[in-house]
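We count ligands from 1, going down the list as the structure has it; atoms in each ligand are counted the same way. Residue indices begin at 1 and follow the sequence shown.
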Amino acid sequence: MPVCETSCFLLPLRRVARNRSSEIEGRLSGSKPLRLIHSNMSALSGQVQTVLGPIEPDQLGVTMTHEHLTMTFECCYSTPAPGDETVAQAPIQMKNLFWLNQNPYSSHENLLLVQETDAVREELHEYRKAGGRTIVENTTQGISRDLPCLRQLAIDTGVHIIGGAGFYVDATHSEATRKMTVEKLTDIIVSEVLHGADGTGIRCGVIGEIGCSWPLTDSEVKVLKATAHAQTKLGCPAIIHPGRNPAAPFEIVRILQEAGGDISKTVMSHLDRTIFDNGELLEFANLGSYLEYDLFGTEMLNYALYLDVDMPSDSQRVKTLAFLVQEGYEDNILIAHDVHTKNRLTKYGGHGYSHILKNIVPKMLVRGISQTHIDKILIDNPKRWLTFK
Ligand SMILES: CCC(=O)NCCS(=O)(=O)O
């Protein structure tokens with residue numbers, strides 16, 4: 001996995017008004033493709049697609065928009081620091097937990113969330129008790145997406161689960177994927193939403209998380225263009241994992257826009273570890289995507305995947321949310337934990353899927369974010385994003 005570069009530049013971008021009416025539709029108005037587009041969009045229009053089938057948007061309730069329930073993350077394994085080899089290879093145990101939380105990507109065992117379905121099931125029951133109703137499960141091709149497992153978890157727990165179409169970062173693309181044209185990639189993504197993914201018949205309800213490295217690779221650029229094309233055909237939500245550089249989200253939005261994507265139905269994930277300057281954040285917010293702070297519960301001194309970054313604490317995340325609300329972006333904010341390794345589960349002393357509901361919401365109230373704004377962030381914004389046009 002290439003470590004990110006540090007140069008920060010802002011690419012020239014066409015500004016878009018927030019919640020702008022779709023200029024794409026205007027541009028296509030009256031053309032033959034538009035009728036085709038509308039016939040594709042009509043089947044799911046006004047609905048949300050879960051792994052158990054379409055539901056009404058009002059059924060979603062409190063929603064975490066970026067989690068993983070089963071996946072592998074070996075693509076991001078980081079060699080342990082000299083002297084840490086023994087602890088890195090030891091089974092996960094109480095005396096290793098502090099080290100593990102600081103070095104989550106240096107233990108092979110920790111990268112196998114796929115082995116913890118029973119613990120995840122228990123956590124989802126807990127999530128429901130805490131008031132949670134829906135989870136967007138962002139696992140895409142390359143990190144062991146398992147839609148039948150998601151469907152079973154939805155049946156067992158009553159949590160609405162929404163699966164993700166498309167591809168994770170280039171390091172996980174197969175040679176066959178890298179050789180595909182944008183058209184072929186588009187067909188695959190569209191099919192994962194309309195017909196089901198991985199030969200299961202289980203349909204995805206969002207595109208993403210679409211993985212991007214820094215700098216973007218050729219294959220990732222093709223997948224981004226395919227995401228935009230599929231989104232145009234389907235009127236569906238999309239969610240992006242940006243590369244680890246402040247310029248990455250800007251470049252991605254430009255590529256999506258130029259390919260006809262709908263930025264107002266697109267989430268930029270992981271802003272916690274990507275944009276740090278408030279001025280730059282407002283400049284990005286002005287482009288009109290959803291702004292996702294999805295690493296709640298992650299507190300680490302050294303962020304192994306990009307050592308230049310000081311990973312913010314939860315307190316700092318809440319402060320940034322308060323800033324965005326104060327600046328008028330409350331309709332664009334989404335939050336989650338992005339659980340993707342074992343140490344994040346309560347079974348291993350982690351925060352689990354209910355940390356936001358149990359601990360962060362009270363902290364938001366203390367820091368002046370009103371209940372009305374919290375409801376927007378947890379209910380209204382996810383609902384608007386997830387509803388097919
Ligand atoms: C698959 C999970 C994932 O991509 N999480 C993001 C990790 S990080 O890039 O924010 O460190």
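Those atoms of ligand 1 that come under 4.0 Å of a heavy atom in Leu305, given as number and element, are 11 (O). The atoms of ligand 1 that sit less than 4.0 Å from any heavy atom of Ile143 are 1 (C). When each atom of ligand 1 is checked for a heavy atom of His241 under 4.0 Å away, the hits are 4 (O), 6 (C), 9 (O). Atoms of ligand 1 lying under 4.0 Å from any heavy atom of Met71, numbered from 1 in the order shown and given with element: 1 (C).
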message: Show, in sequence, the C-alpha distance, side-chain angles and deciding distance for Lys389 and Asp262, and conclude whether the salt bridge (Lys or Arg N to Asp or Glu O under 4.0 Å) test is met.
response: CA-CA 11 Å; Lys389 277 181 144 179; Asp262 185 349; 2.6 Å; yes
message: What verdict does the salt bridge (Lys or Arg N to Asp or Glu O under 4.0 Å) test give for Lys184 and Asp187, after you've listed the backbone C-alpha separation in whole Å, the side-chain angles of each residue and the deciding distance to 0.1 Å?
response: CA-CA 5 Å; Lys184 176 69 185 164; Asp187 286 348; 5.8 Å; no
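Not less than 6.0 angstrom separates the ring centroid of His337 from the ring centroid of Phe296. Checked against the 6.0 Å centroid threshold, Tyr105 and Tyr77 do not count as a close aromatic pair.
Under 4.0 angstrom from ligand 1, there are no non-hydrogen atoms of Asp272. In Tyr105, the part holding a heavy atom less than 4.0 Å from any atom of ligand 1 is the side chain. No part of Thr139 comes within 4.0 Å of ligand 1, judged by heavy-atom distances.
For Asp375, the CG atom is densely surrounded, since the number of other residues' heavy atoms within 6.0 Å is greater than 12.
Protein heavy atom at the shortest distance from atom 5 (N) of ligand 1 is Asp338 OD2, 2.7 Å. With respect to atom 4 (O) of ligand 1, the closest heavy atom belonging to the protein is Tyr168 OH, 2.5 Å. Distance from atom 10 (O) of ligand 1 to its nearest protein heavy atom, with residue and atom name: Arg273 NE, 3.1 Å.
Of the possible polar contacts, one joining the Glu220 side chain to the Asp170 backbone as a donor-acceptor pair under 3.5 Å is found. The backbone N or O of Ala238 lies less than 3.5 Å from no partner atom in the side chain of Thr266, so there is not a single donor-acceptor pair.
For the ligand labelled ligand 1, residue Tyr303 lies inside the 4.0 Å heavy-atom shell.
Remark: among candidates Arg244, His68, Glu67, the nearest residue to atom 2 (C) of ligand 1 is His68, based on non-hydrogen atoms.
Of the candidates Arg273, Arg317, His270, His270 is the only one forming a side chain to side chain donor-acceptor pair (under 3.5 Å) with Asp294.
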